[in-house]
Amino acid sequence: MAGVDRRTPIRDLLTNANAGADVTVTGWVKTSRFSKNVSFVHVFDGSTPKTVQIVLNAELAEQFKAELGIGAAVRIHGAWVQSPGGEQSLEVSATDVTIVGQTHPSDYPLQKKRTSLENLRTMAHLRPRTNTMQSVFRVRNALANNIHRFFQDRGFMWVHTPILSTADAEGAGEMFRVLHGDDPEFFGGPAYLTVSGQLNVETFGQAFTDVYTFGPTFRAEKSNTPRHACEFWMIEPEIYFANLDDVIALATDFVKTVTKATIEQCPDDFAFFNKFIEKGLLDSLNAAISADFARVTHDEAQDILVATGKKWEFKVGRGESLQAEHERYLAEEHFKGPVFVTDYPMEQKAFYMRLNDDQRTVAATDLLVPRIGEMIGGSQREERLDVLDDLFRRHNVPGEDYEWYRDLRRFGSAPHGGFGLGFERMLMWITGMKNIRDVIPYPRTPGQAGY
RNA sequence: GCCUGUUUAGCUCAGUUGGUUAGAGCAACGGACUGUUAAUCCGUGUGUCGCCGGUUCGAAUCCAGCAACGGGCGCCA
């Protein structure tokens with residue numbers, strides 16, 4: 001039973017249309033129905049949203065009835081046969097049943113019926129067994145894989161930027177302090193968990209041309225929203241000999257290619273999301289990735305908002321900042337799809353973004369998408385040392401803390417840019433899930449890191 | 001950080017102007033029945049009404065405090 005042939009994944013089994021084979025299935029009971037002559041047990045193993053139907057004769061049913069309730073771990077040996085039932089063409093006619101791990105339905109915290117996502121968060125150890133979480137995490141895996149494949153196919157190098165950092169002012173948010181119990185000076189000073197790999201990856205971009213990061217990142221902000229977590233994964237490509245147009249072209253290619261590949265790989269999971277999580281999800285995703293992404297400047301976006309004549313909670317107009325309500329209006333109602341907003345006022349963006357010729361705006365862009373808001377934030381970086389120093393001053397950032405970053409502008413500087421994409425936000429966009437906590441295996445939010 | 005809501009059975013929730021033994025659906029349990037598909041039918045209520053005080057003859061219900069968990073906004077991805 002050990003080794004490579006220890007089981008047939010249910011996903012593979014269900015694609016085998018040839019009846020007659022001897023098969024072994026391992027997994028957990030999803031539901032079971034017993035009667036005098038014939039009984040049915042549905043088993044899942046995580047390889048597919050579908051279950052395989054196991055048929056038991058009266059003798060086996062009598063023997064195992066008490067132990068085949070929801071949640072039990074089982075190994076079933078039997079024949080792969082035609083099914084008279086209406087909802088599957090083949091099924092396993094069991095000859096041997098082994099109860100590998102017992103459970104009792106009356107104690108089991110999950111039930112055959114619907115359970116709220118909120119309640120599931122209180123049992124992080126069991127929620128992966130539910131239909132929704134099964135689909136979410138299969139798609140999370142496929143999305144991650146497709147992201148790597150997108151970059152690898154285009155010759156990008158994956159750079160493992162550090163998790164620990166002593167830089168405390170990267171302009172991307174509050175940081176978690178890392179303390180060594182006995183030695184506060186372990187790193188020669190305060191150390192923190194990274195809020196972004198972008199500055200670090202630039203070093204490698206200036207040596208390998210096209211690079212990206214893909215890893216965890218940490219924000220110590222007490223954000224209490226369905227879109228924020230203290231620990232999340234981020235993708236940050238950085239390309240050299242490139243300008244903002246190249247960054248936008250890359251981001252467009254990225255979103256379209258990766259989304260399309262993931263939908264194609266997980267048809268059953270997307271059918272589930274489309275039916276139970278977000279009605280019309282597939283239509284809206286397919287429409288988004290087959291149309292051109294809109295593109296407007298920050299000034300134009302503000303003009304659009306002013307022209308609506310709507311009463312906004314926050315002020316609109318050139319020079320004002322785009323709030324969530326504005327971003328949502330632009331993506332959902334005005335452009336009805338993803339839209340790049342470019343050329344933000346300098347003071348609204350990070351110090352490293354490239355100053356435009358108007359001396360007022362920077363070559364930055366955010367990609368706004370329906371339901372999510374900001375999914376990507378990117379820019380061309382300031383490659384001119386004198387201008388960078390000026391930006392340090394204007395942003396009140398101590399340039400002396402970034403000598404190594406300034407060095408990059410001294411030794412073979414080249415125009416470059418990139419973007420940061422919140423992995424979970426993209427996952428929410430393609431699955432229709434409404435809360436970031438429900439697309440992370442173990443969500444970390446303020447007050448919540450138990451397990 | 002600001003604003004706001006929820007907390008009653010295993011789950012999802014109802015519970016009137018404060019009133020006697022606290023309810024429904026589903027789950028679970030017992031039984032019947034069926035090539036069934038979250039099967040169906042019959043039967044059974046399993047509860048510190050989040051916690052702690054207060055008001056009252058009487059509190060799930062009113063008041064104060066606390067806690068947990070959500071939602072909106074900000075910060076951002």
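Worth saying up front: this structure is predicted, and the values here are computed from it rather than measured. Letters A, B, ... mirror the listed sequences (proteins, then strands); counts begin at 1. Note that these values count all heavy atoms, side chains included, but never hydrogens, waters or copies made by symmetry.
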To the nearest angstrom, how far is [X] atom [atom1] from [N] atom [atom2]?
X	N	atom1	atom2	result
A:Leu421	B:C76	CG	P	17 Å
A:Leu120	B:G10	CG	C1'	13 Å
A:Met234	B:C76	CE	C1'	10 Å
A:Lys36	B:A32	NZ	C1'	8 Å
A:Ile70	B:C11	CD1	P	14 Å
A:Arg127	B:C11	CZ	P	17 Å
A:Leu368	B:C76	CG	C1'	13 Å

Please list every donor-acceptor pair under 3.5 Å in which a side-chain atom of residues 268-277 of chain A meets a protein atom from a residue at least two apart or in another chain.
unit_1: A:Asp269; atom_1: OD1; unit_2: A:Ser135; atom_2: OG; d: 2.7
unit_1: A:Asp269; atom_1: OD1; unit_2: A:Arg138; atom_2: NE; d: 3.2
unit_1: A:Asp269; atom_1: OD1; unit_2: A:Arg138; atom_2: NH2; d: 2.9
unit_1: A:Asp269; atom_1: OD2; unit_2: A:Arg138; atom_2: NE; d: 3.1
unit_1: A:Asn274; atom_1: OD1; unit_2: A:Leu281; atom_2: N; d: 2.9
unit_1: A:Asn274; atom_1: OD1; unit_2: A:Leu282; atom_2: N; d: 3.0

*Using a cut-off of less than 4.0 Å, is there contact between a side-chain N or O of A:Arg328 and OP1 or OP2 of B:C73?*
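Yes, within the criterion.
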
*Check whether any side-chain nitrogen or oxygen of A:Arg219 sits under 4.0 Å from OP1 or OP2 of B:G74, and answer yes or no.*
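No, A:Arg219 has no side-chain N/O under 4.0 Å of OP1/OP2 on B:G74.
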
Looking for any heavy atom pair under 4.0 Å, which part of the strands does [X] touch: base, sugar-phosphate only, or nothing?
X	result
A:Met375	sugar-phosphate
A:Thr225	base
A:Lys30	nothing

Please give the distance between the [atom1] atoms of [N] and [M] as a whole number of Å.
N	M	atom1	value
B:A9	B:G54	C1'	29 Å
B:U17	B:C62	P	10 Å
B:C52	B:U8	P	15 Å
B:U21	B:G45	C1'	13 Å
B:A24	B:G65	C1'	33 Å

*Look at the side chain of A:Ser223 against the base of B:C75 and say whether a donor-acceptor pair falls under 3.5 Å; ignore hydrogens and angles.*
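Side chain to base: pair found, below 3.5 Å.
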
*Please report the C-alpha distance between A:Asp343 and A:Thr297 in whole Å, then the side-chain angles of each, then the deciding distance to 0.1 Å, and finally whether the side chain to side chain donor-acceptor pair (under 3.5 Å) criterion is met.*
CA-CA 6 Å; A:Asp343 304 297; A:Thr297 66; 5.7 Å; no

Under the ring-ring contact (aromatic ring centres under 6.0 Å, His included) test, residues paired with [X] that sit two or more places apart:
X	answer
A:Phe156	A:Phe151
A:Phe40	none
A:Tyr329	A:Trp312
A:Trp80	none

Restricting to nitrogen or oxygen on both sides, can you table the protein-nucleotides 35-42 of chain B pairs closer than 3.5 Å?
unit_1: B:G35; atom_1: N1; unit_2: A:Glu91; atom_2: OE1; d: 3.4
unit_1: B:G35; atom_1: N1; unit_2: A:Glu91; atom_2: OE2; d: 2.5
unit_1: B:G35; atom_1: N2; unit_2: A:Gln53; atom_2: NE2; d: 2.9
unit_1: B:G35; atom_1: N2; unit_2: A:Ser83; atom_2: OG; d: 3.1
unit_1: B:G35; atom_1: N2; unit_2: A:Glu91; atom_2: OE1; d: 2.3
unit_1: B:G35; atom_1: N2; unit_2: A:Glu91; atom_2: OE2; d: 3.1
unit_1: B:U36; atom_1: O2'; unit_2: A:Arg33; atom_2: NE; d: 3.0
unit_1: B:U36; atom_1: O2; unit_2: A:Arg33; atom_2: NE; d: 2.9
unit_1: B:U36; atom_1: O2; unit_2: A:Arg33; atom_2: NH2; d: 2.7
unit_1: B:U36; atom_1: N3; unit_2: A:Gln53; atom_2: OE1; d: 2.8
unit_1: B:U36; atom_1: N3; unit_2: A:Gln53; atom_2: NE2; d: 3.1
unit_1: B:U36; atom_1: O4; unit_2: A:Gln53; atom_2: NE2; d: 2.6
unit_1: B:U36; atom_1: O4; unit_2: A:Gln88; atom_2: NE2; d: 2.9
unit_1: B:U37; atom_1: O2'; unit_2: A:Glu87; atom_2: OE1; d: 2.5
unit_1: B:U37; atom_1: O2'; unit_2: A:Glu87; atom_2: OE2; d: 3.0
unit_1: B:U37; atom_1: O2; unit_2: A:Gln88; atom_2: OE1; d: 3.3
unit_1: B:U37; atom_1: N3; unit_2: A:Gln88; atom_2: OE1; d: 3.4
unit_1: B:U37; atom_1: N3; unit_2: A:Gln88; atom_2: NE2; d: 3.4
unit_1: B:U37; atom_1: O4; unit_2: A:Gly86; atom_2: N; d: 2.6
unit_1: B:A38; atom_1: N3; unit_2: A:Lys112; atom_2: O; d: 3.4
unit_1: B:A38; atom_1: N3; unit_2: A:Lys113; atom_2: NZ; d: 3.3
unit_1: B:A39; atom_1: OP1; unit_2: A:Lys112; atom_2: NZ; d: 3.1
unit_1: B:A39; atom_1: OP2; unit_2: A:Thr31; atom_2: OG1; d: 3.1
unit_1: B:A39; atom_1: OP2; unit_2: A:Arg33; atom_2: NH1; d: 2.5

*Who pairs with B:A67 - Watson-Crick or G-U, where each distance is under 3.5 Å*: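 Partner of B:A67: B:U7.
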
*Report the base-pairing partner of B:G1 (Watson-Crick or G-U wobble, both distances below 3.5 angstrom), or none.*
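B:C73 is the nucleotide pairing with B:G1.
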
Report all interatomic pairs (protein N or O, nucleotide N or O of nucleotides 65-69 of chain B) with separations under 3.5 Å.
unit_1: B:C69; atom_1: OP1; unit_2: A:Gln448; atom_2: NE2; d: 2.3
unit_1: B:C69; atom_1: O2'; unit_2: A:Glu118; atom_2: OE2; d: 3.1

*asked:* Which residues in residues 92-110 of chain A have a heavy atom closer than 4.0 Å to any atom of RNA chain B?
replied: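 Within residues 92-110 of chain A, the residues near RNA chain B are A:Pro105, A:Ser106.
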
*Between residues 308-326 of chain A and RNA chain B, which residues have a heavy-atom gap below 4.0 Å?*
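When residues 308-326 of chain A is checked for heavy atoms under 4.0 Å from RNA chain B, the hits, listed by number, are A:Phe314, A:Gln323, A:Ala324.
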
*Within a reach of under 6.0 Å around NZ of A:Lys434, are more than 12 heavy atoms found that belong to other residues, nucleotides or ligands?*
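Atom NZ in A:Lys434 is packed in, count exceeds 12.
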
*asked:* With no hydrogens and no angle check, just 3.5 Å: does a side-chain donor-acceptor pair link A:Gln323 and A:Ser321?
replied: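 Judged by distance alone, the side chains do pair up.
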
*Check whether the side chains of A:Asp253 and A:Thr257 place a donor and an acceptor atom closer than 3.5 Å, and report yes or no.*
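Yes - a donor-acceptor pair under 3.5 Å links their side chains.
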
*Which ring pair (Phe, Tyr, Trp, His ring centres under 6.0 Å) pairs, counting each pair once, include a residue from residues 420-447 of chain A, with sequence neighbours left out?*
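Found A:Phe214-A:Phe423.
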
_ring pair (Phe, Tyr, Trp, His ring centres under 6.0 Å) contacts in which one or both residues fall within residues 90-133 of chain A, not counting sequence neighbours_ =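 Listed by first then second residue: A:His125-A:Tyr451.
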
*Which sits closer to the 5' end of RNA chain B, A:Gln348 or A:Asn435, going by the nucleotide each is nearest to?*
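Upstream on the strand: A:Asn435.
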
*May I ask you to establish whether A:Arg154 and A:Phe150 are in a cation-pi arrangement, using a distance under 6.0 Å from NZ or CZ to the six-membered ring centre and at most 45° from the ring axis?*
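Positive - A:Arg154 is close enough to the ring of A:Phe150 and near enough to its axis.
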
*side chain to side chain donor-acceptor pair (under 3.5 Å) contacts in which one or both residues fall within residues 90-102 of chain A, not counting sequence neighbours*: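 For residues 90-102 of chain A: A:Gln53-A:Glu91, A:Glu67-A:Gln102, A:Ser83-A:Glu91.
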
*Derivation and outcome, side chain to side chain donor-acceptor pair (under 3.5 Å), residues A:Gln206 and A:His416*: CA-CA 9 Å; A:Gln206 200 159 307; A:His416 65 288; 5.5 Å; no

*Show the numbers, then the answer: is there a ring-ring contact (aromatic ring centres under 6.0 Å, His included) between A:His395 and A:Phe351?*
CA-CA 6 Å; A:His395 282 278; A:Phe351 70 85; 7.1 Å; no

